[in-house]
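Only a predicted model underlies this, so the values are computations on that prediction, with no experimental measurement involved. Chain letters run A, B, ... following the sequence lines, proteins first and then strands; every chain starts at 1.
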There are 2 protein chains.
Amino acid sequence: MRVTADDVAKAAGVSRAMVSRAFTPGASVAVRKREHVLRVAKALGYRPNLIARGLTGQRTGLVAVVAGEISRPYEAWLLEHLVRVLSTNGYQPLLLPAFRDANMTEMIDHALAYQVDGAIVAAGSVSRDIADRCQASGAPLVLIGRVLEKNGADAVCCDNIKGMWQLVERLVKQGRQRIAWLGGTADTFSDQERSQGVEEALAHYGLSLQAQRRGNFSLSSGVSEGLALLDSRLSLDAIICANDAMALGVVEAAAQRGIRVPDDVAITGFDDVPGAAWGRCPLTTVRNPVNETALEALRLLETRVQDPTCDNQVIRVGVTLVPRSSG
Amino acid sequence: MRVTADDVAKAAGVSRAMVSRAFTPGASVAVRKREHVLRVAKALGYRPNLIARGLTGQRTGLVAVVAGEISRPYEAWLLEHLVRVLSTNGYQPLLLPAFRDANMTEMIDHALAYQVDGAIVAAGSVSRDIADRCQASGAPLVLIGRVLEKNGADAVCCDNIKGMWQLVERLVKQGRQRIAWLGGTADTFSDQERSQGVEEALAHYGLSLQAQRRGNFSLSSGVSEGLALLDSRLSLDAIICANDAMALGVVEAAAQRGIRVPDDVAITGFDDVPGAAWGRCPLTTVRNPVNETALEALRLLETRVQDPTCDNQVIRVGVTLVPRSSG
DNA sequence: TGAAATTTTGCACGCGCGTTCAAAAATCCC
DNA sequence: GGGATTTTTGAACGCGCGTGCAAAATTTCA
């Protein structure tokens with residue numbers, strides 16, 4: 001049924017080793033013979049069995065990708081870039097969904113059992129355990145959007161703090177002073193750094209937050225928390241949100257209350273996901289360079305494959321302010 | 001470095017075959033001995049190498065998943081369910097992104113070389129070629145959201161036509177008569193069936209489309225095409241869109257023109273993606289049951305693995321009208 | 001207690017491939 | 001043209017695992 005290198009060898013009248021060599025770029029094979037073998041192989045529909053190849057060799061070409069809730073815009077956007085970068089560089093992404101109630105330990109072990117060349121983890125939580133397991137099994141690990149305490153793993157992460165400084169600077173220069181913060185899920189690195197950035201920047205301008213609330217990075221939580229903020233009697237003139245989805249929710253909340261954006265209140269997001277520019281009020285936000293992030297993640301992975309003992313690196317990719325009409 | 005079954009055997013004082021049996025559920029092994037082996041294995045951090053296992057056995061546990069543009073809400077939503085279903089059933093999804101300019105032929109061949117147990121294709125286009133390649137290599141194939149002409153592959157697809165009938169029925173009963181159609185990318189199966197459903201249903205009520213335009217399933221195309229429809233002097237009272245994203249775009253367009261929804265014009269979507277219920281105007285739409293779709297896709301795959309020669313099946317999953325405030 | 005029936009175990013093989021090593025073929029130089 | 005050197009080739013091995021088969025160990029029954 002399945003055509004193996006032996007079949008090709010027989011059909012081409014050479015030894016099996018010959019076939020293997022014909023498919024190995026650097027191997028020393030007579031040009032004529034290689035062509036002949038490749039022709040026969042193609043005619044028979046032969047392709048080297050990557051599973052068998054992975055058994056002997058050091059590489060399988062498989063990379064585990066741990067993604068958060070894919071149906072969220074940012075995760076999907078990042079995943080798209082990650083998968084594309086891996087794919088076009090000859091890797092095959094093994095997708096592990098980090099959904100709620102998922103047994104991540106079991107899942108990562110399962111992936112590791114496939115002898116993945118490495119793992120890229122883009123899910124906010126449960127990273128510590130995963131890091132340990134990867135390290136124990138010797139699989140290179142790269143974290144995205146999160147750096148581990150005491151430098152426990154390679155990571156690439158955007159400059160959350162700088163991004164928030166830029167946002168705050170813009171708002172302050174617009175004369176806004178009564179600013180509120182809408183944070184995301186509490187145990188995430190993004191929430192921590194972004195909120196820290198906001199507070200630092202405000203302090204620098206002699207200001208402080210008028211209110212703080214917390215959503216879960218979803219649009220719907222943006223709506224409900226946004227309503228709560230707007231309904232309070234704080235006469236806010238700006239709401240800084242931890243991500244775009246919540247900012248869009250707050251825009252919606254403002255519309256429901258007849259509050260003008262950005263005249264009455266400015267609303268800002270973070271990430272600049274596709275879709276932040278659309279909708280009723282194009283979002284002023286900070287661009288999170290996911291493509292560069294994906295590229296750097298792969299680079300870190302390959303660096304560590306080459307030298308598993310090198311020091312952990314943390315790459316900070318740059319962000320840019322994207323001023324639009326919401327603030 | 002890596003701990004193999006031999007290491008465990010040595011440490012446990014048994015033969016390697018013993019170790020293998022201890023990890024094989026159905027095998028006949030003394031209970032005491034199995035426990036002993038498993039204990040030693042755990043202590044050593046041993047897990048069977050799934051690559052090696054896949055080499056001999058008929059199954060690898062790998063399933064290729066071809067997804068369209070992941071950053072679009074519907075694709076992401078479907079992918080999330082697919083991956084979750086596969087994952088929780090012991091399969092490992094190999095994600096192939098069908099981005100523009102991707103060499104799908106090369107990518108699918110590459111995945112096939114990993115001896116995947118099957119492929120699930122959820123990307124609108126380029127399915128014919130993929131189907132041929134899968135069949136040639138004997139890998140079961142399941143299409144989602146598309147059925148091939150002359151029944152060329154197993155497929156699961158929602159009942160587009162019925163969904164559109166329900167939508168049209170609702171609009172007509174509201175007294176709407178000047179109805180326009182905003183279609184999606186031309187060569188997609190969804191666009192064809194949905195547009196067919198609208199026309200059939202309208203004809204049944206003695207009506208016909210007042211206008212037709214075509215976007216590309218994206219929100220931005222919904223905005224631009226929506227503006228075009230609304231700016232025409234057709235005094236439309238309903239716009240039926242081929243998916244939710246475009247419908248949201250049309251809602252936005254209506255807002256820009258100060259046209260009230262649904263009082264002046266009704267706007268409907270399709271899929272009921274998360275997010276269709278949020279935003280300025282919760283969408284009247286048709287629920288596309290992605291979870292059931294994912295489940296059925298896996299079922300078809302497993303059915304075909306068991307009997308590769310059985311007739312191709314096309315599962316039509318049911319849809320339900322979701323009336324909200326947009327129409 | 002001894003032989004027969006029944007587990008339980010270990011040996012050996014093969015999955016499809018890359019790769020080492022020595023033999024064979026081709027090339028070279030004088 | 002013959003011997004030395006280089007290139008090309010093919011047989012054999014191992015990667016880590018599952019499994020068929022026969023030997024060994026255990027249990028059963030009289």
Side-chain angles (χ1 to χ4, degrees), chain A residues 1-38 40-41 44-62 109-110 112-117 137-139, chain B residues 1-38 40-41 44-62 109-110 112-117 137-139:
Chain A
M1 169 91 241
R2 170 174 300 144
V3 36
T4 79
D6 267 315
D7 301 332
V8 176
K10 223 163 292 173
V14 297
S15 78
R16 204 185 52 63
M18 214 50 252
V19 180
S20 176
R21 284 207 180 75
F23 278 89
T24 307
S28 105
V29 189
V31 176
R32 263 178 49 77
K33 211 139 208 173
R34 161 170 281 157
E35 281 174 357
H36 175 226
V37 171
L38 289 183
V40 172
L44 265 54
Y46 167 78
R47 288 214 77 184
N49 181 332
L50 262 26
I51 291 291
R53 179 179 287 179
L55 184 54
T56 312
Q58 303 313 320
R59 290 190 43 202
T60 56
L62 261 21
D109 277 349
H110 195 230
L112 254 20
Y114 278 101
Q115 319 298 325
V116 293
D117 292 340
S137 98
Chain B
M1 169 92 243
R2 170 174 299 144
V3 35
T4 77
D6 267 315
D7 302 330
V8 177
K10 224 163 292 172
V14 297
S15 77
R16 204 187 51 64
M18 216 50 252
V19 179
S20 175
R21 285 205 176 78
F23 278 90
T24 308
S28 110
V29 188
V31 177
R32 262 179 51 76
K33 210 139 209 174
R34 159 170 280 155
E35 281 174 358
H36 175 227
V37 171
L38 289 182
V40 173
L44 265 55
Y46 167 78
R47 287 213 78 185
N49 180 331
L50 262 26
I51 291 289
R53 179 179 286 179
L55 184 55
T56 314
Q58 302 313 319
R59 290 191 42 203
T60 56
L62 261 21
D109 277 348
H110 195 231
L112 254 20
Y114 278 102
Q115 318 298 325
V116 293
D117 292 341
S137 99

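Note on A:Y46: only backbone sugar-phosphate atoms sit closer than 4.0 angstrom, heavy atoms only; bases stay farther off. Heavy atoms of B:T4 sit under 4.0 angstrom from primed sugar atoms or phosphate atoms, though from no base atom.
For the pair A:R32 CZ and C:dA26 C1', the computed distance is 14 Å after rounding to whole Å. The NE2 atom of A:H36 sits 12 Å away from the P atom of D:dT9 (whole-angstrom rounding). Rounded to whole Å, atom P of C:dG16 lies 9 Å from atom CG of A:D7. For the pair B:F23 CZ and D:dG18 C1', the interatomic distance rounds to 14 Å; values are reported in whole Å. The nearest whole Å value for the distance from the CG atom in B:L55 to the P atom in D:dG18 is 11 Å. Summarising the geometry, the separation between CD on B:Q58 and P on D:dC17 is reported as 18 Å, rounded to the nearest angstrom. Distance, A:R47 CZ to C:dG16 P: 17 Å, rounded to whole Å. For the pair B:D6 CG and D:dG14 C1', the interatomic distance rounds to 12 Å; values are reported in whole Å.
Atom-to-atom distance recorded for A:R2:CZ and B:L112:CG is 9.5 Å, nearest 0.5 angstrom. If you take OG1 on A:T4 and CZ on A:R16, they are separated by 8.0 Å, rounding to the nearest 0.5 Å. Atoms CG and CG, on B:L55 and A:N49 in that order, are 6.5 Å from each other to the nearest 0.5 Å. Separation of atoms CG (B:L62) and CD1 (B:I51) is listed at 7.0 Å; rounding is to 0.5 Å.
Distance from the side chain of B:A30 is smallest for C:dT9 among the nucleotides D:dT19, C:dT9, C:dG16. Comparing D:dC17, D:dG18, C:dC17 by their closest approach to the side chain of A:R53 singles out C:dC17.
Between B:V29 and B:V37 there is no side-chain heavy-atom pair separated by less than 4.5 Å.
Here salt bridge (Lys or Arg N to Asp or Glu O under 4.0 Å) pairs that include residues 45-60 of chain A, with residues two or more places apart or in two chains, are A:R47-B:E106, A:R59-A:D117.
Using a distance-only test at 3.5 Å, with no hydrogens or angles considered, no donor-acceptor pair links the side chain of A:R21 to the main chain of A:R34. One N or O on the side chain of B:Y114 and one on the backbone of A:T60 form a donor-acceptor pair closer than 3.5 Å.
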Protein-nucleic acid N or O pairs under 3.5 Å, nucleotides 10-14 of chain C:
unit_1: C:dG10; atom_1: OP2; unit_2: B:S15; atom_2: N; d: 3.1
unit_1: C:dG10; atom_1: OP2; unit_2: B:S15; atom_2: OG; d: 3.1
unit_1: C:dG10; atom_1: O6; unit_2: B:R21; atom_2: NH2; d: 2.8
unit_1: C:dG14; atom_1: N2; unit_2: B:T56; atom_2: OG1; d: 3.4

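Summarising the geometry of B:L38 relative to B:A22, their closest heavy-atom pair is CD2-O, 4.0 Å, with the distance given to 0.1 Å.
If one axis is set at each end of the helix from C:dT1-D:dA30 to C:dC30-D:dG1 from five pairs, those axes are 30° apart, to 10°.
Remark: B:Y114 is not in phosphate contact with C:dC17, judged by side-chain N or O atoms under 4.0 Å from OP1 or OP2.
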